[in-house]
Amino acid sequence: MNKMQQLVECVPNFSEGRNMDVINQITGVITQVEGVKLLDVDPGEATNRTVVTFVGPPQAVVEAAYLAVKKAGELIDMRQHHGAHPRMGATDVLPLIPVAGITLDECAQLARDLAKRIASELLIPCYCYEAAAFTPERRNLAVCRRGEYEALHEKLTTPGRQPDFGTRAVDEHMERTGCTAVGARNFLIATNFNLNTTSTRRANAIAFDVREKGRPVREGNSLTGKVVKDDQGHTVMQPGTLKATKAIGWYIDEYKIAQVSMNITDIDTTPLHVAFDEVCRCAQNRGVRVTGTEIVGLIPKRALVDAGRYFLEKQHRSTGIPEEDLVFIAIKSMGLDDLKPFNPREKVIEYMIEDEDKSPKLVDLTVKDFALETSRESPAPGGGSIAAYMGALGAALGAMVANLSSHKRGWDDRWKEFSDWADKGQAIAANLLHLVDEDTLSFNKLMDAFGLPKATEADKQARTQAIQAATLYAAQVPLHTMQEAMRVFEVCKAMVETGMQSSLSDAGVGALAARAAVIGAGLNVKINAASLNDRAAAQDLIAQAEALIAQANDAEQEILSLVNSKL
């Protein structure tokens, strides 16, 4: 229920870069899909190609991609297409990219299903490439696209070159649309590392030190020696130190400095912070310093959060701090604001999606405004939201004691122990804060169901079904609040037993808040379950709630006894 929001990015390339009316019609169908945010439209006149970037929940992105392919197939005639970039279809490539809450393998399956649908419903043959490829050779896009559009007839009739979906005789429709390559790949981060030099040669040397491809091996191991060839006549390369990276050095007149310009093609293999540290090391070996980092385009939140954790761990500091603080540490550690201000709200994909959602959230209110909003005559926010907030406060108190303990003088060798507890507390608090608004949302859904029409028997039946579904959900949300709040006791108990003794009372109050959250949410489970027609489901929900309440009472008493024995 409270699973991290899943986000997928899609970067289709359409074979039209000059006619803005066509481009706007294609992007128009993308923006019509609820939940999808169009991030960028980049037309190129010379290439006669437009790169579009959009992001959203997986199914919404897949639907938007399908509609865009359909519209491009209707508007673009590949028989008339000419441009500088390789291409084989109206929609040339269509990669799906995991951003948050979803794996590359899951995106690969989405891509295969999408390719199958495009081929069967739109009659556009599809190749699956990169992580979605069915054969190792087709992981390489160039293999799928070999011969480009002009080889369309050959591709469709030659065994081994035929598409993964949609093989059939070439007809006029296929000649218009060409083929499409649908794939899945990891997020690519484009970044430039700023150097305290104007030397492109020094920047290139550092780039060759780190990039996966490395540099050519030369006879005598010198800069001017003859390039070494293997038995097949291929240049022998000395690999660089960073996998999944491409890099080159250049001079930027705007900033009057040289940079190492890098594409990180797999941030799981080489995270941004690892690339930064390695470029710093190689630069220092050549008498050069990295003064900062420039992010080109957008970046997934986890790249900054992971970087913040990494740099704190190097300091033996707790990582169990709010997400915003982790991002701040990342910005300062890598000098993301070296050349110009770095605003995470404008550079981080997830934040851009959040800011696009204009619906007000309770957790965004001040403490005072939250209390005042609760006091008003509207029934929401009510006890369920307050219970979730109390649980979040309990978790926050546990995390606070852990953070204080991790930084206590003389306990330096225990920083990781307390950092792990603080991480747990932060995760629980984040989940419970989400449930503050989720509980109110569930109530609003129930009210919406009661407002459905009931003029006919069909209306009445549909309304009853909607009310029962919403009632079940309204009982499940506070049950989940209870389950999350129960996790607070573990953190608070550990802090009473092993944390700073001067903060015993804080951990005790955390336990009190957790018990209040469990019992309060339990009341909401019971009142909503009472309205369920499915009495078996209702009794099961109530039984689970009663069991959790009993556990919470025991846990609170145990922790308070420990606190009082140490005061």
Side-chain angles (χ1 to χ4, degrees), residues 46-47 84-86 93 95 129-131 133 135-148 183 185-297 334:
T47 58
H85 198 286
V93 294
Y129 75 105
E130 289 216 15
T135 62
E137 299 78 20
R138 290 193 176 178
R139 293 185 69 88
N140 187 343
L141 175 61
V143 171
C144 300
R145 197 161 53 190
R146 185 175 297 144
E148 300 184 41
R185 61 169 174 82
N186 267 309
F187 196 94
L188 183 150
I189 292 180
T191 182
N192 300 321
F193 299 103
N194 312 324
L195 306 176
N196 67 333
T197 183
T198 58
S199 172
T200 302
R201 183 176 152 197
R202 297 291 185 274
N204 256 320
I206 298 166
F208 293 172
D209 287 340
V210 298
R211 69 180 186 180
E212 182 173 17
K213 182 180 178 181
R215 55 166 51 83
V217 175
R218 295 179 180 271
E219 292 179 357
N221 196 30
S222 69
L223 294 175
T224 57
K226 182 179 180 182
V227 173
V228 177
K229 304 284 187 177
D230 62 19
D231 293 340
Q232 286 75 43
H234 301 137
T235 299
V236 177
M237 302 294 293
Q238 173 62 48
T241 55
L242 295 176
K243 298 288 187 183
T245 63
K246 302 174 182 179
I248 193 171
W250 59 27
Y251 174 79
I252 302 297
D253 188 63
E254 178 185 358
Y255 303 133
K256 307 301 181 187
I257 60 170
Q259 293 178 319
V260 173
S261 179
M262 178 181 290
N263 281 347
I264 304 174
T265 58
D266 186 345
I267 58 176
D268 292 325
T269 299
T270 298
L272 176 62
H273 54 268
V274 171
F276 173 82
D277 262 8
E278 183 61 11
V279 172
C280 286
R281 185 187 71 83
C282 292
Q284 183 174 347
N285 289 343
R286 295 181 177 276
V288 178
R289 289 192 62 192
V290 175
T291 63
T293 307
E294 180 184 27
I295 299 297
V296 181
M334 295 184 291

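All values reported here derive from a predicted model rather than from experimental measurement.
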Quick one: does Ile257's side chain get under 4.5 Å of Asn196's, heavy atoms only? no
Side-chain contact, heavy-atom cut-off 4.5 Å: Val210 with Arg281? no
Near Lys229 NZ, under 6.0 Å, is it more than 12 heavy atoms from other residues, nucleotides or ligands? yes
Heavy atoms from other residues, nucleotides or ligands near CZ of Arg289 exceed 12 (cutoff 6.0 Å): no
[atom1]/[X] to [atom2]/[Y] distance, rounded to the nearest 0.5 angstrom?
{"X": "Leu272", "Y": "Asp277", "atom1": "CG", "atom2": "CG", "value": "10.0 Å"}
{"X": "Asn263", "Y": "Asn192", "atom1": "CG", "atom2": "CG", "value": "9.0 Å"}
{"X": "Asn186", "Y": "Glu130", "atom1": "CG", "atom2": "CD", "value": "9.0 Å"}
{"X": "Arg146", "Y": "Leu141", "atom1": "CZ", "atom2": "CG", "value": "11.0 Å"}
{"X": "Thr245", "Y": "Glu278", "atom1": "OG1", "atom2": "CD", "value": "9.5 Å"}
{"X": "Leu242", "Y": "Thr270", "atom1": "CG", "atom2": "OG1", "value": "5.0 Å"}

Taking only residues two or more places apart in sequence or in another chain, which ones pass side chain to side chain contact (heavy atoms under 4.5 Å, CB included) with Lys226? Glu219
Short question: side chain of [X], backbone of [Y] - any donor-acceptor pair under 3.5 Å?
{"X": "Asn204", "Y": "Gly249", "answer": "yes"}
{"X": "Gln259", "Y": "Trp250", "answer": "no"}
{"X": "Arg211", "Y": "Gly214", "answer": "yes"}

Test: Asp209 and Arg215 ion pair at under 4.0 Å: yes
For residues Thr269 and Asp266, report the shortest heavy-atom separation together with the two atoms involved. OG1-OD2, 2.9 Å
On a heavy-atom basis, the closest approach of Ala244 and Glu212 is N-OE1, 3.0 Å
